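Here is the structure we will look at, set down as structure tokens.
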Amino acid sequence: MKQESVLEVKNLEFSFHTYGGVVKAVRDVSFDLREGEILGIVGESGCGKSVTAQCILKLNPEPPGFFGEHSSICFRGEELVSKTEKEMQAVRGAEIGFIFQDPMTSLNPTMKIGRQIEEVLKGRKGYSKKEVREKVLKILEMVGISDAKKRYKQYPYELSGGMKQRVMIAIALVGNPGIVIADEPTTSLDVTIEASILDLLKELQKTLHTAIIFITHDLGVIAKLCDRVMVMYGGKIVERGTVEEIYYDTKHPYTAGLMNSIARLDLEKSVKLKPIEGTPPDLFAPPEGCPFAARCEYAMNICYRKMPPEFGEKDKHRCMCWLQDEKAPKIRLKTQLSGKKGGEEHV
Ligand code: SF4
């Protein structure tokens with residue numbers, strides 16, 4: 001049975017006016033987020049994943065940024081694109097939480113931890129001062145911060161990097177939002193702390209049933225955490241499916257390129273990592289055809305001329321690549337994982 005959607009994004013386009021022209025950062029992106037699931041968005045820097053996430057909370061400055069006229073972001077039946085800044089303030093934190101990339105710069109260095117978490121609940125009806133404080137202490141404990149009463153009164157500089165990120169998670173969750181957006185929340189942390197933060201997010205998602213959008217460039221992190229994945233490239237979603245579909249039945253050459261560039265402990269020493277040659281497309285003047293054509297070893301004539309449609313059934317494994325056309329040559333996409341689980345290599 002399909003779960004209810006908590007968020008529906010349709011035909012999302014977001015661009016920026018710059019001195020050099022208009023940068024089309026997000027180009028006609030549609031997806032939904034289901035109640036209680038973890039959706040991963042993966043891709044290289046500049047592929048549009050963070051701008052997409054920030055569009056949901058209207059965090060991109062307008063101007064110079066602007067939405068395309070058909071863009072729609074619907075949260076529990078409410079359109080967000082047309083909301084004013086004041087209306088969005090009631091959504092941020094309370095309805096949709098955001099965990100920023102770098103806790104070192106995202107926390108206010110002049111404010112005590114407890115006060116920063118309380119800010120989210122400010123102006124909310126029905127909470128006395130005492131209740132707000134109790135809620136903050138409880139969330140600090142939930143995110144694994146020991147001696148919450150002491151930490152409540154401390155400043156960010158008194159905490160380690162991992163603890164600061166836990167505070168950021170507490171800020172995102174204290175309002176009990178329906179969605180939390182985590183934008184590369186573990187990038188600035190070392191691997192052991194990263195693992196504990198990922199475990200924490202998964203545990204909190206199970207306890208609180210919050211839907212999470214997790215942005216990363218790391219497919220390993222996606223495998224550990226997510227239910228479904230969207231791979232973005234050149235401002236578009238080029239492949240989407242469950243984690244298992246994307247990892248063991250990779251259909252898009254760009255996803256295959258990402259898979260083959262991950263270092264894995266279980267690989268034989270003789271297996272060489274393969275970088276994706278070339279650079280992402282210029283989003284001032286995006287190519288007419290497939291955005292990956294200039295870097296794709298399978299590119300055909302049509303790829304340069306015409307944008308591929310998204311092949312595959314709605315709500316199933318889908319891929320934006322001409323290789324999926326019935327008239328295309330049958331190509332075997334090989335990745336480090338193809339054929340290992342679920343058995344078959346994609347043809
Ligand atoms: Fe490569 Fe063509 Fe598929 Fe684009 S559409 S990924 S260029 S084969």
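First listed ligand is number 1; within each ligand, the first listed atom is number 1. Because the structure is a prediction, the values reported are computed rather than measured.
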How about NZ on Lys10, more than 12 heavy atoms from neighbouring residues, nucleotides or ligands closer than 6.0 Å, or not?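 Atom NZ in Lys10 is not crowded, with 12 or fewer foreign heavy atoms closer than 6.0 Å.
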Other residues, nucleotides, ligands: >12 heavy atoms within 6.0 Å of Glu158 CD: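 More than 12 within 6.0 Å, yes.
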Proximal atoms of ligand 1 relative to Cys296 (non-hydrogen, under 4.0 Å):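 Checking each atom against Cys296, I get 1 (Fe), 6 (S), 7 (S), 8 (S).
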Under 4.0 Å from a heavy atom of Ala293: which atoms of ligand 1 are those, numbered in the order shown and with their elements?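 Per the distance check, 7 (S).
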Taking the six-membered ring for Trp, are [X] and [Y] parallel (under 30°), tilted (30 to 60°) or perpendicular (over 60°)?
| X | Y | value |
| --- | --- | --- |
| Trp322 | Phe311 | perpendicular |
| His252 | Phe292 | tilted |
| Tyr157 | Tyr155 | parallel |

Test applied, side chain to side chain donor-acceptor pair (under 3.5 Å); reference residue, His317; option that passes from Arg240, Glu244, Glu239, Lys251: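 Only one option passes, and that is Glu239.
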Got the closest protein heavy atom to [atom], with its distance?
| atom | answer |
| --- | --- |
| atom 5 (S) of ligand 1 | Trp322 N, 3.2 Å |
| atom 4 (Fe) of ligand 1 | Cys290 SG, 2.3 Å |
| atom 2 (Fe) of ligand 1 | Cys303 SG, 2.3 Å |

Does any N, O or S atom of His252, backbone or side chain, fall under 2.8 Å from atom 4 (Fe) of ligand 1?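 Within the cut-off used here (under 2.8 Å), His252 places no N, O or S atom near atom 4 (Fe) of ligand 1.
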Tell me which part of Met320 gets within contact of ligand 1: side chain, backbone, both or neither, using heavy atoms under 4.0 Å.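 For Met320, there is no contact with ligand 1 at all, from either part.
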Cys321 N/O/S atom closer than 2.8 Å to atom 3 (Fe) of ligand 1: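 Looking at Cys321, which is the residue asked about, there is an N, O or S atom under 2.8 Å from atom 3 (Fe) of ligand 1.
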